[in-house]
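Okay, structure first, notes after.
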Amino acid sequence: MTRTLITQGLNPPQKKAVTYEKGPLLVLAGAGSGKTKVLTRRAAYLIIDKNVPPDRIIAMTFTNKAAAEMKDRIYKLADSKASGIWMGTFHSLCARILRKNASELGYTSTYTICDDKDRKNIIQGILKGLSYKNQIESKDIIRKISRYKSYLIPWNEIEIKDDFSEIIVKVYEIYQKTLKNNNAMDFDDLLFNTVSLFEEHQEIRDKYAEKFLHILVDEFQDTNYAQYKILNHIAKKHRNIMVVGDDDQSIYGFRGAEIGNIMNFENDFDGTKVIVLEQNYRSTGNILSAALSVVKNNKRRKEKRLKTKKSAGEKLTFFWGYDPRNEAEKVIKKIFEEKKRGKKNKDFVILYRINAQSRAIEEMLRRYNLPYKIVGGIRFYERKEIKDIFAYIKSAINPEDRISHERILNIISGVGKKTFEKIDEFGKKNGMSFGKAVMNVKKVENLTPSQQRKIYELSKIIKAIQKNTDNVYNALNVVIEKTGYIERLSQIGDKLSKEKIENIKELVASVENFVMQNKDKSCENYIREVSLYSDVDGWILNDEISLMTIHNAKGLEFPIVFLIGLNEHLFPHYLSIEEDNVEEERRLFYVALTRAKEKVYLSATCGRESLTGFLKRKPSPFLKEIPKKYITGFEEEKEEKEEKEEKQINKEGFNSGDYVNHSVFGKGKIISVEGKGIKQKAKVNFSGEVKTIRTSFLKKQQKND
DNA sequence: TAGCTTGTACTTTTT
DNA sequence: GTACAAGCTA
């Protein structure tokens with residue numbers, strides 16, 4: 001692509017940002033203002049127009065998906081000239097730097113990256129060992145430790161004030177030592193250790209600072225202290241750092257994101273040029289105005305004048321659901337209406353505050369046979385069967401990794417914790433890594449002959465994997481063939497096992513793809529990449545309705561957005577109120593609305609059934625912040641009336657023998673009825689096919705219908 | 001040591 | 001209504 005094309009179609013401030021010459025640059029980019037476009041065009045501009053070698057440019061994003069999209073777009077602009085550019089998430093780029101310099105910190109380059117589940121297991125083990133288990137929850141400890149790490153505070157620098165902080169420091173210390181013993185790091189360590197590396201070895205820091213002529217940072221409002229520090233280090237020499245962000249979209253405060261980083265950038269980097277992008281290209285007028293009216297209520301923000309050239313469009317539409325199921329059913333009704341007007345499944349996204357809210361929607365989508373995809377939630381790579389398979393490969397490449405070894409030992413029937421400890425003890429006595437101890441299992445005392453035989457078989461499998469570590473596809477096939485993992489699953493033969501086999505097949509396909517697309521096909525490279533993958537990343541859009549949390553939706557756009565569960569307690573979440581974080585929740589609401597291009601549907605429930613009866617819930621206070629001229633269907637007084645109507649429907653008596661109608665299955669005859677109220681279920685015969693269905697989904701039929 | 005059963009607590013957001 | 005953990009038994 002030529003110079004003129006690189007700046008073609010850009011508005012003046014965008015063009016200014018893309019072609020900015022030298023020094024620190026802060027781009028305040030409102031929602032939908034072409035943030036990614038500016039970043040990718042600038043990268044292409046530097047490479048093609050300014051002849052900057054691509055490996056001297058580093059571009060940091062927050063999600064792998066954003067990185068993949070940027071990569072894709074830059075290659076479209078600059079072709080193979082862009083190859084070699086450092087592009088990825090903060091975590092993946094740090095992992096890369098650490099892999100090269102691991103020995104300086106006492107790790108090897110094959111170190112393992114622990115995911116959340118590993119972390120939880122380790123912490124729980126430590127709590128058990130210290131008999132703190134009943135005093136404190138692992139969840140709280142994990143949060144605290146993670147917080148300390150994101151502020152770069154090691155365990156031995158924490159001031160002990162009370163019993164609680166004493167426990168935390170103790171657990172933190174043991175946790176770090178355990179990780180080190182396993183040649184392992186968690187997500188926070190990737191950032192923490194990169195800073196340690198730079199600060200303890202200035203010559204290494206200087207090397208990277210010299211190397212990176214240009215630094216480009218996306219979603220700057222979500223950087224935490226550690227990330228900010230990393231940027232400071234690598235920007236030290238050339239100071240060509242461009243950060244793009246929107247303080248109104250800062251929604252990761254709980255993870256240590258510092259909105260102050262964007263507020264103070266100008267102070268920290270002398271001579272910063274500020275460019276503001278205020279032209280929104282995504283949403284219609286009503287959507288943008290509604291979103292801005294809400295976020296305007298935040299005190300801590302930079303004033304902006306975001307505008308759109310699109311027409312006002314339809315108003316936001318609000319509706320009540322009696323309870324989450326009824327709300328879900330109404331969402332689906334709206335989807336069918338929109339589909340009649342020509343919309344496709346992939347045009348819809350259903351957003352919610354917390355993952356648990358997906359259940360009611362999911363159930364209903366399945367009932368109506370609508371294809372959907374949940375983005376986030378249980379991540380593919382955190383599934384048991386996938387972690388098991390990976391544990392074999394991880395054990396082969398990192399002999400210090402006890403966690404993975406313990407996992408694969410446990411798969412063997414007749415081998416458990418006791419056996420693991422015996423091998424561990426043997427290894428420690430003889431100065432061997434755990435992996436080496438496994439290789440010498442025949443010398444371990446007090447094992448039954450069958451245990452010895454089985455573990456010896458395992459050691460042969462590990463050796464076979466080690467012969468194939470340069471190609472992860474071959475290594476994976478060794479694992480599957482030699483362990484008989486799939487055979488064992490198919491012998492169980494239930495629905496769950498079949499699903500697991502499908503997941504493994506999906507894994508094989510994705511590994512095959514990885515091997516085809518990457519020069520470095522090694523197990524190390526593959527594991528390092530996917531350890532940092534979240535579910536959003538592998539996300540391919542078929543014609544499916546998307547379901548995700550608002551957090552996961554950041555950076556995405558859809559023609560039609562449903563935002564459900566707009567109730568007190570849930571949104572803003574009650575815990576965030578306790579933590580005095582309502583402004584962040586309001587920004588989250590802003591992010592949700594600004595995902596929409598054409599239409600926003602908002603909904604709340606009157607409450608939900610609970611053990612103590614019907615629990616009434618008020619609407620979210622954010623709804624009241626939307627001026628009436630932008631929204632239709634929301635009147636607080638109406639709440640009561642709607643609720644009564646819903647109750648009436650549910651009171652309709654259903655008896656066996658009644659003829660009923662169902663919106664999907666059609667006409668049927670009730671065989672039997674069970675339960676009362678909203679939970680009432682009926683067995684219904686739909687022309688031969690008998691189904692059990694909640695009576696709230698049925699309509700009574702007049703005799704001659 | 002493994003698998004089954006019972007019980008209980010749950011429910012923020014994620015790289 | 002689920003997911004996980006602890007406890008019991010074979």
Side-chain angles (χ1 to χ4, degrees), chain A residues 60-67 88-95 113-117 119-121 124 128 133-134 137-139 142-143 146 149-150 185-192 219 222-224 226-227 250-257 324-325 351-360 363 375-379 381-382 384 409-421 448 450-451 454 492 529-537 548-554 565 567 569-579 581 584-585 587-589 591-592 608-611 615 679:
Chain A
M60 319 258 214
T61 62
F62 268 81
T63 61
N64 288 294
K65 185 175 191 302
T89 61
F90 272 96
H91 290 85
S92 71
L93 292 167
C94 286
I113 298 170
C114 288
D115 64 23
D116 290 358
K117 278 190 179 159
R119 177 167 71 175
K120 196 175 166 199
N121 284 338
Q124 276 179 339
K128 220 174 191 172
K133 222 179 156 217
N134 299 320
E137 265 193 86
S138 61
K139 203 174 64 185
I142 287 169
R143 234 182 99 133
S146 173
K149 287 195 195 175
S150 71
M185 299 187 199
D186 67 12
F187 288 134
D188 301 312
D189 286 333
L190 294 173
L191 307 176
F192 189 108
E219 308 277 14
D222 286 326
T223 47
N224 64 26
Q227 289 163 327
S250 170
I251 55 175
Y252 284 100
F254 66 92
R255 206 169 78 191
R325 285 160 190 281
L351 300 178
Y352 35 81
R353 177 65 182 83
I354 64 170
N355 280 307
Q357 286 173 273
S358 70
R359 200 188 295 153
E363 201 175 289
V375 179
I378 319 143
R379 294 189 191 89
Y381 296 102
E382 280 178 20
K384 187 177 179 294
L409 281 169
N410 260 320
I411 296 170
I412 303 172
S413 155
V415 177
K417 216 178 160 74
K418 283 265 150 63
T419 318
F420 170 78
E421 277 162 13
T448 66
S450 101
Q451 285 174 329
K454 284 173 181 165
I492 303 169
E529 290 257 316
V530 301
S531 296
L532 298 166
Y533 259 39
S534 65
D535 211 37
V536 196
D537 306 324
M548 63 186 91
T549 62
I550 305 166
H551 284 88
N552 268 322
K554 198 170 69 153
N567 286 89
H569 285 254
L570 206 50
F571 199 9
H573 198 273
Y574 69 101
L575 287 171
S576 73
I577 297 173
E578 280 172 22
E579 286 165 18
N581 247 340
E584 179 152 313
E585 297 280 308
R587 290 193 291 270
L588 200 52
F589 190 71
V591 168
R608 64 178 169 84
E609 294 289 342
S610 78
L611 298 169
L615 200 66
K679 285 187 177 166

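The model shown is predicted, which means the values in this text are computed figures rather than measured ones. A note on names: the letters A, B, ... follow the listed sequences, proteins ahead of strands, and every chain is numbered from 1.
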Which nucleotide in the set B/dT12, B/dT13, B/dT15 lies at the smallest distance from any side-chain heavy atom of A/Tyr574?
B/dT12
Listed nucleotide nearest any side-chain atom of A/Thr549, set B/dT15, C/dT2, B/dT13
B/dT13
Protein-nucleotides 7-10 of chain C N/O pairs closer than 3.5 Å?
none

So what does A/Phe90 hit on the nucleic acid, given a heavy-atom distance under 4.0 Å: a base, only sugar-phosphate, or nothing?
nothing
Under the 5.5 Å and 30° test, is A/His551 stacked on the base of B/dT13?
no
In whole Å, I'd like the distance from the NZ atom of A/Lys120 to the P atom of B/dT14.
15 Å
Measure from CZ on A/Phe62 to P on B/dT13 and round the result to the nearest Å.
19 Å
Indicate yes or no for a side-chain donor-acceptor contact from A/Ser358 to the backbone of A/Asn355 under 3.5 Å, with no hydrogens or angles considered.
yes
Could you check whether A/Ile354 gets within reach of a base, just the sugar-phosphate, or nothing at all, counting any heavy atom under 4.0 Å?
sugar-phosphate
Under 5.5 Å centre to centre and under 30° between planes: does that hold for A/Phe254 and the six-membered base ring of B/dT13?
yes
Choosing from B/dT15, B/dT13, B/dT11, which nucleotide comes nearest the side chain of A/Asn355?
B/dT13
Between the side chain of A/Gln227 and the main-chain N/O of A/Asn224, is any donor-acceptor distance below 3.5 Å?
yes
Nearest-angstrom distance, P atom, C/dC4 to B/dT13
14 Å
A/Gln227 CD - B/dT15 P separation (whole Å)
12 Å
Between C/dA6 and B/dT11, how far is it from one P atom to the other, in whole Å?
15 Å
Where the side chain of A/Lys418 is defined as all heavy atoms beyond and including C-beta, which of B/dT12, B/dT15, B/dT1 is the nearest nucleotide?
B/dT1
Quick one: on DNA chain B, does A/Ile251 or A/Asn410 contact a more 5' nucleotide (nearest heavy atom)?
A/Asn410
So which heavy atom on A/Phe90 is nearest to which on A/Leu191, and how close?
CB-CD2, 4.2 Å
Show, in sequence, the C-alpha distance, side-chain angles and deciding distance for A/Leu588 and A/Phe571, and conclude whether the side-chain contact (heavy atoms from CB on, under 4.5 Å) test is met.
CA-CA 9 Å; A/Leu588 200 52; A/Phe571 199 9; 4.1 Å; yes
Got a donor-acceptor contact below 3.5 angstrom from the A/Glu363 side chain to the A/Ala360 backbone?
no
Indicate whether OP1 or OP2 belonging to B/dT13 is found under 4.0 Å from a side-chain N or O atom of A/Asn581.
no
Nearest whole Å is fine: how far is B/dT13 P from A/Met548 CE?
15 Å
Using a 3.5 Å limit for the pairing distances, which stems of at least 3 consecutive Watson-Crick or G-U wobble pairs does DNA chain C take part in?
B:1-9 with C:2-10
Report the distance from atom CD of A/Gln124 to atom P of C/dA3, rounded to the nearest whole Å.
17 Å
Quick one: on DNA chain B, does A/Ile411 or A/Arg255 contact a more 5' nucleotide (nearest heavy atom)?
A/Ile411
Taking the basic N atoms (NZ, or NE/NH1/NH2) and the acidic carboxylate oxygens, is any pair closer than 4.0 Å for A/Glu421 and A/Lys418?
no
Is A/Asp115 reaching over with its side chain to a backbone N or O of A/Ser531, donor-acceptor style, under 3.5 angstrom?
no
How close do A/Cys94 and A/Leu190 get, heavy atom to heavy atom, and via which atoms?
CB-O, 3.5 Å
Classify the side chain of A/His573 versus the base of B/dT12 as yes if they form a donor-acceptor pair under 3.5 Å and no if they do not.
no
Counting only N and O atoms by type, is there a donor-acceptor contact under 3.5 Å from the side chain of A/Glu585 to the main-chain atoms of A/His573?
yes
Atom pair NZ/OG of A/Lys554 and A/Ser250 - distance to nearest 0.5 Å:
7.5 Å
Which is true for A/Asp116 with a 4.0 Å heavy-atom rule: it touches a base, it touches only sugar-phosphate, or it touches nothing?
base
Describe the nucleic acid contact of A/Arg143 in one word from base, sugar-phosphate, nothing, applying a heavy-atom distance below 4.0 Å.
base
Between A/Asp186 (side chain) and A/Asp189 (backbone), is there a donor-acceptor pair under 3.5 Å?
yes
Residue A/Ala356, side-chain atoms from C-beta onward, closest of B/dT1, B/dT13, B/dT11
B/dT11
Taken to the nearest whole Å, CD/A/Glu219 to C1'/B/dT15 is 13 Å
Between CG of A/Leu409 and P of B/dA2 the distance, given in whole Å, is 11 Å
Please report whether the ring centroid of A/Phe254 lies less than 6.0 Å from that of A/His551.
yes
Take atom CD1 of A/Ile412 and atom P of B/dA2, then tell me their distance rounded to the nearest Å.
10 Å
Between B/dT11, C/dT2, B/dT12, spot the one nearest the side chain of A/Arg359, thanks.
C/dT2
The side chain of A/Asn552 is closest to which nucleotide in this list: C/dT2, B/dT12, B/dT14?
B/dT14
Can you see if the side chain of A/Lys139 gets near the phosphate of B/dT13 - specifically, an N or O under 4.0 Å from OP1 or OP2?
no
Under 4.0 Å between any heavy atoms, over every strand shown, what does A/Ser92 touch: base, sugar-phosphate, or nothing? Just pick one.
nothing
